[in-house]
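Have a look at the structure below before the remarks.
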Amino acid sequence: MSQGDITFAGPPGARAAATLGLLRSELGLTFRRLRTLVLLGVLAAVPVLIGVVVRIETGDGSPAGGPGAAGGGGPAFMAQISNNGLFLVFTALAATLPFFLPLTVGVVAGDAVAGEASAGTLRYLLVAPVGRTRLLLVKYASTLAFCLAATLTVAVSGLVTGALLFPAGELTTISGTTIEYSEGLWRALLIALAVAASLAGFAALGLFVSTLTNSGIAAMAGAVGLLVTVQILNTIPQLDAVHPYLFSYHWLSFADLMREPVLWDNLYANLRLQGFYALLFGSAAWARFAGRDISA
Amino acid sequence: MDDAAVETRGLTKRFRGGQLAVDHLDLAVPAGAVFGFLGPNGSGKTTTIRMLMGLIEPTSGTAHVLGRRMPRAARTVLPHVGALIEGPAPYGFRTGRDNLLRYDAADPTADPRTRAARVDAALERVGLGAAAGKKAKAYSLGMKQRLGLAAALLRPRRLLVLDEPTNGLDPQGMREIRALIRELAQDGSTVFLSSHLLDEIEQVCTHAAVMARGRLVVQGPVAELAARAQGRIAVTTPDPGDAARVLKEYGVTDLTVAEDRVTGEPPPGDRDPAELTAALVHAGVRVRAFGLERGTLEDAFVALTGEGFDVTG
């Protein structure tokens, strides 16, 4: 048996197809897991909870949250829910974006590599051989898919609950103009996409944390701990100079999609910031993972 | 290099804590061999295997697998290698079949069109066909071990690296897996088998290497290794006391007497054992049986490492 006949099998393009196959396997692993479904279920419950509370509060015809609501007591758009159910989508996203949504992303991203390491499956993937860069890319892609799924879960749950509990029809934008319900639906979709994209930077950070340890639990706790820390730093006015560099700085920019005309500046700034984080921590994750000894 | 499925030169791994796990290892696994890799726990076997599979980077020295340098050539070499490393690791919440589908999808050179058929064939081959639809967390250790083997057999492999493949199996399962290993070797695969069971190595392997404390103690064909262990002279007699005295006079050392059996190391030099029988009879010792017991690999191991096999260094 000669040793010279090791060749790379397959026609050009086969590798790309194989990576799609791996991505499908990865998505199956993420979304057919009970833990993921529970997280999504909890997220879906949030708009229902908000909707029911607002419905009970406004049963007597007064605006949501009582007299003080217009002053901004609850999450953004809260006061408009009783006028138009579609606002429940925006309220629910505004309520879950600071902690709840990224928390679920932290769990999924933190577990991505460290979970495979602690289960021992990582070594078998690597000798398959999956390729370390390829595995990392697929893990990030599936984490982004989870970001999208989590956001859409909140949005769809908000849409359905809003439609059942509150009137539909024309909406009043933040700018005071009126748009059609169909236009509002379109904006809701754009907002969901903007929120999902807002999570891309934190997802990369979580993935990086996941390459640092062989314990899935430790990585999840680390990612969530970072999230909490950043969100606390965000509330300290003395740290104003630092705030623009935190991944959550532009998170609430999605509200600008409810202006007429839409104010794109902050939305673009958010995308740039998320892209920067994804590149920075994606590279860090790769640098860490590509040369690391896998002893688990 | 052409005839070696695995070859290492001065392979060394020092962990960050300063612990020297593998120390200048020169290993040569001939292509087509069933190579037994022996050593007590903590002797550096698993670290060596991890370096061969590109999971950890050597501190110094080189490792060639199927003629290519690892870990650099992992992408081209590993599709030809099936591996079971430090026990099986299935996704517990997925079925046995799903596990194999995933591991196969991880290999970018595996053909997705034949995936399902290859997965089913691998499951049948290790006797897991009936349990393929069960979640892996419900598997016994032996079944998980079989699932790990099935993952190594998803494609025809030129090299199989099997770390303790019969661990957790009952005697019947062990026999099946050993038969499977022989079958795979007959099909032309080189098998690199790490084990702490000496009789397993003797039964299955053509070649063996022994490691102790990170260093290679010896390697070569199993028959040669076993021959290096000295046989013992054994006499069965109703007069054990007289027999022991006579044998001692003739230079037999390390004598032990157990009821009617006397055993000892043969005298140095090429003395014909027949002289001993003559001497025993001449001295009036009644002999029921006289024999030279063949050395086992275990004797060789103890002689070479100076320690019992399960002692951790």
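Naming convention: chains lettered A, B, ... in sequence-line order (proteins, then strands); numbering from 1 in each chain. When reading the values below, keep in mind they use all heavy atoms of this one structure, side chains included, and skip hydrogens, waters and symmetry mates.
A donor-acceptor contact shorter than 3.5 Å is absent between the side chain of Tyr91(B) and the backbone of Leu29(A). Arg123(A) places a side-chain N or O within 3.5 Å of a backbone atom of Glu86(B) that can act as its donor or acceptor partner. At distances below 3.5 Å, at least one donor-acceptor pair connects side-chain atoms of Asp293(A) with backbone N or O atoms of Glu57(B).
For the pair Ala128(A) and Tyr103(B), the tightest heavy-atom approach, listed with the atom from each and the gap, is CB-O, 3.8 Å. Pairing each heavy atom of Pro108(B) with each of Pro129(A), the nearest pair is CD-O, 3.1 Å. Heavy atoms only, all atoms of each residue included: Ala106(B) and Leu125(A) are closest at CB-CD2, 3.8 Å.
Within the 4.5 angstrom heavy-atom criterion, only side-chain atoms of Phe93(B), from C-beta onward, approach chain A. If you measure heavy-atom distances from Asp98(B) to chain A, the contacts under 4.5 Å come from the side chain alone. The contact between Pro79(B) and chain A is made by backbone and side chain atoms together, counting heavy-atom distances below 4.5 Å. With a 4.5 Å cut-off on non-hydrogen atoms, Pro90(B) touches chain A through its backbone but not through its side chain. Contact annotation for Arg94(B): only side-chain heavy atoms (C-beta onward) come within less than 4.5 Å of a heavy atom of chain A. For a residue to count as touching a neighbouring chain, one of its non-hydrogen atoms must lie under 4.5 Å from one of that chain's; by this rule Glu26(A) touches chain B with backbone and side chain alike. For Arg292(A), the part lying under 4.5 angstrom from a heavy atom of chain B is the backbone only.
Comparing Ala83(B), Gly92(B), Gly87(B) by how many heavy-atom pairs each has under 4.5 Å with chain A, the most go to Gly87(B). If you tally non-hydrogen atom pairs under 4.5 Å between each of Ala119(A), Ala18(A), Ser295(A), Gly21(A) and chain B, the highest count goes to Ser295(A). Put simply, of Leu84(B), Leu101(B), Val81(B), the one with the most heavy-atom pairs under 4.5 Å next to chain A is Leu84(B).
Atoms CZ and OG1, on Arg75(B) and Thr133(A) in that order, are 9.5 Å from each other to the nearest 0.5 Å.
The environment of Phe31(A) atom CZ is dense: over 12 non-hydrogen atoms of other residues, nucleotides or ligands sit within 6.0 angstrom. Counted within 6.0 Å of CD1 on Ile217(A), heavy atoms from surrounding residues, nucleotides or ligands total 12 or fewer; the atom is thus considered open. Environment of CZ in Arg182(B): crowded, with over 12 heavy atoms of neighbouring residues, nucleotides or ligands closer than 6.0 Å. Open room surrounds CZ on Arg24(A); 12 or fewer heavy atoms of other groups in view lie less than 6.0 Å from it.
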Output, in order, the C-alpha distance, side-chain angles, deciding distance and verdict of side chain to side chain contact (heavy atoms under 4.5 Å, CB included) for Leu55(B) and Leu126(A). CA-CA 7 Å; Leu55(B) 292 173; Leu126(A) 291 179; 3.7 Å; yes

For side chain to side chain contact (heavy atoms under 4.5 Å, CB included), just list the numbers for Val130(A) and Asp107(B), CA-CA rounded to whole Å, side-chain angles, deciding distance to a tenth of an Å, and then say yes or no. CA-CA 5 Å; Val130(A) 69; Asp107(B) 179 356; over 6 Å; no

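Side-chain contact between Arg102(B) and Thr121(A): absent, with no pair of heavy atoms (C-beta onward) separated by less than 4.5 Å.
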